[in-house]
Amino acid sequence: MNLCLMESAMKHCRHFFKSVSLCVLILLTTAMSLQAQTVVNVKDFGAVGDGKADDLPALNKALESLRTISQRPVTLLIPDGTYRLGLDENADTKAHFMIASHRDVIVSGGENTLLIMTSPYHQGVGIYKCTNVTVKNLAIDYDPLPYTQGMITKVDPESQLITMKVDPGYPLPTDAHIDAFSGKQGHSVGYLYDAQTNMKQNQYYSQYLRKQVEDLGNGLYRYKSSNVVRDDMVGRRFAVVGRRKASAYQVNDSTDCLIENATVYSAPSCGYNVASSTRITIDKSRIIHRPDVSGAPRAMSSNADGLHSKWCPVGPTLSNSTFTGMGDDSVNIGGSYTPVLQKLDDRTIVVQAHGSITNYPTDLIMATPGHDQHLKMPKLLKWNGIKVEGYNKHCLMLTFDAPLPELVTWKQTNHPRKCSQVLNLNACGRYAKVINNHFYNHRVRGILMRGPDSLIKGNRIENLSGPAIVVSNDGGFLTEGPSGDNTIIEDNVMVNIERSNIYIASSLPPKVRGLVIRNNRIENYGGDDPYGRGINGNPFYISSGGDLTIENNTIVKPNTGYENVPLIYTKNLGKITWKNNTLDGQQTQLEKDSQPIPPKD
C-alpha cells in the first residue's frame with residue numbers, strides 16, 4: 001500500500017515538473033521572441049550603407065516605426081556601413097537624424113557604423129525631449145568638411161596678409177559654408193599647425209579674418225588678418241573654420257539619456273552639446289581626427305568645444321573619453337546671467353529675457369555690486385513680457401513673494417554688465433562630473449566649470465595653451481556663470497600647459513568659494529602662448545577666491561625659461577588652506593611662493 005502510494009506520488013511529481021519545465025520553456029521562448037521583435041533594423045526600411053545612397057529617409061522611417069512598438073526598451077540597429085544622410089542646407093529641421101519625443105529607446109550602430117552629414121548648417125544627431133534614450137556605437141563626419149586647410153606660402157607682416165595654398169580634397173575658402181562673408185557680415189578664424197605633426201602652434205595668435213578672402217588663382221587664397229602676422233608662419237599649416245551653430249551630437253530638453261562609444265570626426269560647432277537637460281551621460285566617447293583620409297592629414301576635428309553644456313538642472317557626466325583637435329575648449333559647463341534693468345517696486349524687477357530664468361525658477365540668485373557672495377532671491381511668483389524704454393532686447397517683469405535684496409539696475413549704470421545679474425541655480429549644470437578623460441592638442445583651454453558642486457577627477461590634460469582647468473564666472477560678453485563653487489578638483493594630471501594650469505577667478509563681485517584642489521600633478525609647464533587667461537608658466541592663478549583648500553598637489557619640471565615664474569599669483573583673496581604642496585620635491589608656503597597678479601599692460 002505504501003509502495004503504491006509512493007509510485008503514484010512520484011508520477012504526479014514527474015508530471016508536475018514536466019508541466020513546470022514546459023511553462024518555463026514557453027516563457028523563455030516568448031521572452032526571446034519578444035526580445036527579437038524589439039530590434040528594428042534600418043536595412044529592413046531600405047537603408048543601404050554604402051556611403052553613396054541617401055539613407056536619411058530609411059533611417060527616419062525606421063525611427064518612426066518605433067512609436068508603434070509597445071514592448072520596451074526597443075532598439076534601432078544601424079549595422080556596419082557608411083550611411084550618407086542627405087539634407088538640404090535650408091531644410092526646416094534642427095538635425096539630420098532627429099530623435100524627438102522618444103522614451104526607452106536604444107539607437108545602436110555596429111562595430112564600424114559611420115554617419116555622413118551633408119549640411120554644415122544642421123546638427124548631426126539630435127536628441128530632443130527624450131527620456132531614457134541611449135545612442136551608442138555611432139561615428140559622425142561631415143561632407144563637406146566645416147573647415148578648410150592648406151599651407152602658408154607667403155605672408156606680409158606689415159599689411160597682416162596671409163597667403164595659403166589649399167590642401168587637395170579640402171573645401172575652398174570661398175565656399176559659402178566657410179566664407180563668413182558669403183551671407184551676413186561676420187568673420188572667420190584661422191589657426192596654425194606644424195606641417196609634419198599637426199600639433200597646434202600656440203606661439204602664434206589665432207588669426208581673426210575680418211575681410212573678404214581673395215582668390216588669387218592656382219589654388220592660392222589671401223586673407224587679411226586682424227592679428228600679428230609673423231614671417232616664420234610660412235611653411236605652417238593653416239586651418240580656417242566656418243563655425244556654425246551645429247553640433248555633431250545635440251541633446252535638448254531630455255532626461256536620463258546616454259551617449260556611449262560615440263565618435264566625432266568633424267562638426268561645424270561642438271562635438272557634443274547638452275542644453276536644458278538632466279542626468280545626461282557621455283561615456284567612452286571620442287573627438288578625434290579621422291584617420292582614413294587620403295592626402296593631407298586633417299588638422300582639426302570639431303570647430304568649437306568638445307562638450308558644451310548650458311542651462312541644465314543637473315549637469316552632464318563626461319567619463320572615460322578622449323578629445324583632441326577641437327577649435328576651442330575641451331569642456332564648458334554652466335549657466336547664464338541676465339542683467340537687472342529696472343526696479344518697479346520692492347518685489348518687482350525687470351530683467352533682460354532669458355529662457356533659463358523661468359526653467360524651474362525655484363532657486364534664483366543674484367550677483368550685485370558691493371557683495372562678495374551671491375544673494376538668494378525670494379520665491380518667484382510670476383513673470384510677464386515687458387518693454388523697457390531705451391533697451392532694444394526682449395525683457396521680463398519678475399514678481400516675487402517678498403522684498404528683494406539690495407540691487408543695482410541698468411537704469412542706474414547705463415551698462416548691462418555693471419548692474420546686478422540674475423542667474424537660475426536650477427539651470428547652470430550643478431553636480432556635473434568630468435572624470436577619467438584625456439584632453440590634448442587642441443585650441444585654448446581644458447575644462448571650464450561654472451556649475452557648482454561639481455567633480456573634476458582623474459583627467460589627463462596636455463599640450464594646450466591653457467589654462468587646463470578654469471573655475472570662474474564670466475561677466476563679460478559671454479555672461480556665463482555662476483562660478484563652480486564647492487567643486488572638487490582631484491587626481492588630475494596636467495602636462496605641457498603653457499599658461500596658468502589651474503585658474504580661479506571672478507569678474508563679478510562674488511568670490512569663487514569652497515573649492516577643494518587636491519592630489520593633482522602639474523609637470524612640464526610653461527610656454528609662449530601670446531594671449532589668454534592666466535600667466536605663462538604659472539601653476540596656480542587665484543583672483544577673488546575664498547574658503548579654498550589646496551593640498552597634496554605635486555608640481556615638477558617647469559619648461560626651460562619658466563623656472564622662476566611664481567608658483568601662485570593671487571589677488572583679492574579670502575581664506576585659503578594651503579598644505580603639503582610640493583615644487584620639485586620641496587614643500588611650498590603660500591606666503592613665500594606667491595606674488596600679486598601683475599596689472600595688465
Side-chain angles (χ1 to χ4, degrees), residues 147 149-165 167 187-210 223-241 289 296-301 303-304 323-330 439-446 461-470 494-503 522-539 541 557-566 569 598 600-601:
Y147 65 89
Q149 67 178 55
M151 302 300 294
I152 296 178
T153 61
K154 184 180 179 180
V155 296
D156 182 340
E158 186 174 347
S159 300
Q160 297 173 285
L161 297 175
I162 302 170
T163 301
M164 68 177 286
K165 186 173 182 62
D167 287 334
H187 68 267
S188 297
V189 187
Y191 313 122
L192 282 91
Y193 298 83
D194 183 271
Q196 279 70 48
T197 65
N198 261 357
M199 287 284 291
K200 174 86 169 50
Q201 302 291 278
N202 295 324
Q203 67 269 34
Y204 303 104
Y205 281 91
S206 296
Q207 302 295 313
Y208 284 82
L209 311 170
R210 304 183 191 276
Y223 283 102
K224 167 74 172 178
S225 178
S226 299
N227 301 98
V228 174
V229 173
R230 292 168 29 179
D231 287 320
D232 61 356
M233 289 165 56
V234 172
R236 309 284 181 180
R237 178 161 280 121
F238 194 49
V240 178
V241 305
H289 304 91
R298 292 186 181 182
M300 296 185 64
S301 54
N303 284 3
F323 291 179
T324 187
M326 300 86 72
D328 218 322
D329 308 315
S330 306
F439 307 126
Y440 68 100
N441 189 27
H442 62 80
R443 179 175 177 257
V444 203
R445 298 161 290 260
I461 309 169
E462 60 183 325
N463 298 335
L464 302 182
S465 58
I469 297 174
V470 174
M494 290 151 269
V495 181
N496 197 31
I497 306 301
E498 301 195 5
R499 304 187 73 83
S500 301
N501 281 255
I502 296 179
Y503 177 96
I522 297 171
E523 60 183 71
N524 301 117
Y525 56 92
D528 297 334
D529 181 85
Y531 73 107
R533 303 184 194 198
I535 295 174
N536 298 75
N538 161 240
Y541 181 107
K557 300 178 183 176
N559 288 328
T560 301
Y562 295 94
E563 297 87 349
N564 298 319
V565 175
Y569 277 110
K600 292 183 178 179
D601 294 335

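Just so it is clear, the structure is predicted and the values come from calculations on it, not from any experiment.
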For the [atom1] atom of [X] and the [atom2] atom of [Y], what is their distance to the nearest 0.5 Å?
| X | Y | atom1 | atom2 | answer |
| --- | --- | --- | --- | --- |
| Y204 | D528 | OH | CG | 10.5 Å |
| H289 | R298 | NE2 | CZ | 9.5 Å |
| S188 | Y147 | OG | OH | 15.0 Å |
| N536 | N202 | CG | CG | 10.5 Å |
| H442 | Y440 | NE2 | OH | 10.0 Å |
| E462 | N524 | CD | CG | 10.0 Å |

List the atom of [X], the atom of [Y], and the distance in Å for their closest heavy-atom pair.
| X | Y | result |
| --- | --- | --- |
| Q201 | D194 | CG-N, 3.4 Å |
| S500 | Y541 | OG-CB, 3.5 Å |
| S225 | V229 | CB-CG2, 3.9 Å |
| F439 | S330 | CB-OG, 3.3 Å |
| R236 | Q203 | NH2-NE2, 4.2 Å |
| R230 | V155 | O-CG2, 3.6 Å |

Legend entry - Any donor-acceptor N or O pair under 3.5 Å, side chains N463, N496: yes
Legend entry - Test item: side-chain donor near acceptor, N538 and N501, under 3.5 Å: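 No, N501 and N538 have no side-chain donor paired with an acceptor closer than 3.5 Å.
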Inset, instruction - Measure from the side-chain N and O atoms of Q149 to the backbone N and O of P297, and report whether any donor-acceptor pair falls under 3.5 Å. - result: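 Yes, because the side chain of Q149 sits within donor-acceptor range (under 3.5 Å) of the backbone of P297.
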Legend entry - Short side-chain to backbone donor-acceptor contact, R499 and D529, under 3.5 Å: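 Flag set: sc R499 to bb D529 pair under 3.5 Å.
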Inset, instruction - Apply the test side-chain hydrogen bond (donor to acceptor under 3.5 Å, both in side chains) to residues S465 and R443: give CA-CA distance (whole Å), side-chain angles for both, the deciding distance (0.1 Å), then the verdict. - result: CA-CA 7 Å; S465 58; R443 179 175 177 257; over 6 Å; no
Legend entry - Pairing of D167 and R237 as salt bridge, 4.0 angstrom limit: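 Between R237 and D167 there is a salt bridge, with a charged N closer than 4.0 Å to a carboxylate O.
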Would you say that [X] contacts [Y] through its side chain, given a criterion of any heavy-atom pair below 4.5 Å between the two side chains?
| X | Y | result |
| --- | --- | --- |
| L192 | I152 | yes |
| Y569 | P598 | yes |
| I469 | Y503 | no |
| P157 | D231 | yes |

Legend entry - Residue of the set M233, K224, Q160 for which side-chain contact (heavy atoms from CB on, under 4.5 Å) holds with Q207: M233
Inset, instruction - Please assess Y223 against L161 for the test side-chain contact (heavy atoms from CB on, under 4.5 Å), listing each intermediate value before the final yes or no. - result: CA-CA 6 Å; Y223 283 102; L161 297 175; over 6 Å; no
Legend entry - Worked check of side-chain contact (heavy atoms from CB on, under 4.5 Å) between V241 and M300: CA-CA 9 Å; V241 305; M300 296 185 64; 3.5 Å; yes
Legend entry - Aromatic ring pairing Y531/Y205, orientation class (parallel under 30°, perpendicular over 60°, tilted between):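 Judged by the thresholds at 30° and 60°, the geometry between Y531 and Y205 is parallel.
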Inset, instruction - Decide yes or no on side-chain hydrogen bond (donor to acceptor under 3.5 Å, both in side chains) for Y193 and N441, but give the supporting numbers first. - result: CA-CA 10 Å; Y193 298 83; N441 189 27; over 6 Å; no
Inset, instruction - Take Y525 and E498 through the test side-chain contact (heavy atoms from CB on, under 4.5 Å) and record every step on the way to the result. - result: CA-CA 6 Å; Y525 56 92; E498 301 195 5; over 6 Å; no
Inset, instruction - Please lay out, stage by stage, how V240 and L209 fare under the test side-chain contact (heavy atoms from CB on, under 4.5 Å). - result: CA-CA 9 Å; V240 178; L209 311 170; 4.0 Å; yes
